[in-house]
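I have placed the structure first, in the form of C-alpha cells, so that the comments after it can refer back to it.
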Amino acid sequence: QVQLVESGGGLVQAGGSLRLSCAASGSIFSLKRMGWYRQVPGKQRELVAVIGRTGSTNYVDSVKGRFTISRDNAKNTVSLQMNNLKPEDTAVYYCNFYVDPLNWGQGTQVTVSA
C-alpha cells in the first residue's frame, strides 16, 4: 500500500522561501503524475502544481514564477520549492496522486507572516 508523507513546512516571513518534500512508499510512484495541493480551513483543497512521470509541469496561476515542482523517481520523492512566499500562501500543503488520489495524509503547515 502506497503511503505519502509530507515534510518541510514552517513559519516564514513574506518574501521568504521553503522547500516541501513528499516521500512515497511503493513501486508505482514513478508511474504516477503527482500533485501538490493546499487547503485553508473552511475552503476547498486547491491543486497548486502537477508534475508528470517524465517531468512536465503545470501550476495554478497564483504560484507561477514562484513555485517549482520536481521529482526524483529513483528516490520516490516529489518536492515543491516555494520562493517569494506571500501571506495568501498560508495553508496546509499535501502531496498526492493527480489522478485517483489516495487517502489524504497529515500534510505540512506553511505559515507566511506579513
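Heavy atoms only: backbone and side chains are in, while hydrogens, waters and symmetry mates are out. All values derive from a computational prediction rather than experimental measurement.
- The two residues Lys43 and Gln39 come nearest to each other via the heavy atoms O-NE2, 3.0 Å.
- The distance from the CZ atom of Arg33 to the OG atom of Ser56 is 8.0 Å, given to the nearest 0.5 Å.
- Not a single donor-acceptor pair under 3.5 Å links the side chain of Asn76 to the backbone N or O of Ala23.
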List the atom pairs, with distances to 0.1 Å, where a side-chain N or O of residues 10-20 and a protein N or O form a donor-acceptor pair under 3.5 Å, not counting sequence neighbours.
residue : atom : partner : partner atom : Å
Ser17   : OG   : Asn83   : OD1          : 3.0
Arg19   : NH1  : Gln81   : OE1          : 3.2

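- Cluster annotation: Leu85 and Tyr59 are assigned to the same hydrophobic cluster (Ile/Leu/Val/Met/Phe/Trp/Tyr, side-chain heavy-atom contacts under 4.5 Å, transitive).
- Arg45 CZ: more than 12 foreign heavy atoms inside a 6.0 Å radius.
- Partners of Asp89 according to the side chain to side chain donor-acceptor pair (under 3.5 Å) rule, which considers only residues two or more places apart in sequence or in another chain, are Arg38, Arg66.
- A ring pair (Phe, Tyr, Trp, His ring centres under 6.0 Å) check over residues 70-114, counting only residues at least two apart or in different chains, returns the pairs Tyr37-Trp104, Tyr94-Trp104.
- No continuous path of hydrophobic side-chain contacts links Val50 to Val60 [ILVMFWY only; heavy atoms under 4.5 Å].
- The number of heavy atoms from other shown groups lying within 6.0 Å of CD (Gln44) does not exceed 12.
- Because its NZ or CZ atom is both nearer than 6.0 Å to the ring centre of Phe29 and within 45° of the ring axis, Arg71 counts as a cation-pi partner of that residue.
- The CE atom of Met34 sits 8.0 Å away from the CD1 atom of Ile69 when rounded to the nearest 0.5 Å.
- The 12-atom threshold is not exceeded at CD of Gln3, counting heavy atoms of other residues, nucleotides or ligands nearer than 6.0 Å.
- Summarising the geometry, atom OG belonging to Ser21 is positioned 10.5 Å from atom CD belonging to Glu6; distances are rounded to the nearest 0.5 Å.
- Under a hydrophobic-cluster definition in which Ile, Leu, Val, Met, Phe, Trp and Tyr are linked whenever side-chain heavy atoms come within less than 4.5 Å, directly or via other members, Met82 and Val92 are assigned to different clusters.
- With hydrophobic clusters built from ILVMFWY side chains whose heavy atoms lie under 4.5 angstrom apart, Leu47 does not share a cluster with Leu80.
- Considering all non-hydrogen atoms of both residues, Ser62 and Glu46 come closest at OG-OE2, 4.3 Å.
- Glu88 has its side chain out of reach of Val40: every pair of non-hydrogen atoms, C-beta onward, lies at least 4.5 Å apart.
- Using modelled atom types, no side-chain atom of Ser30 and backbone atom of Asn73 make a donor-acceptor pair closer than 3.5 Å.
- Rounded to the nearest 0.5 Å, atoms CD1 (Ile51) and OG1 (Thr57) are 6.5 Å apart.
- Residues Asn96 and Leu4 meet the side-chain proximity criterion, which asks for heavy atoms closer than 4.5 Å.
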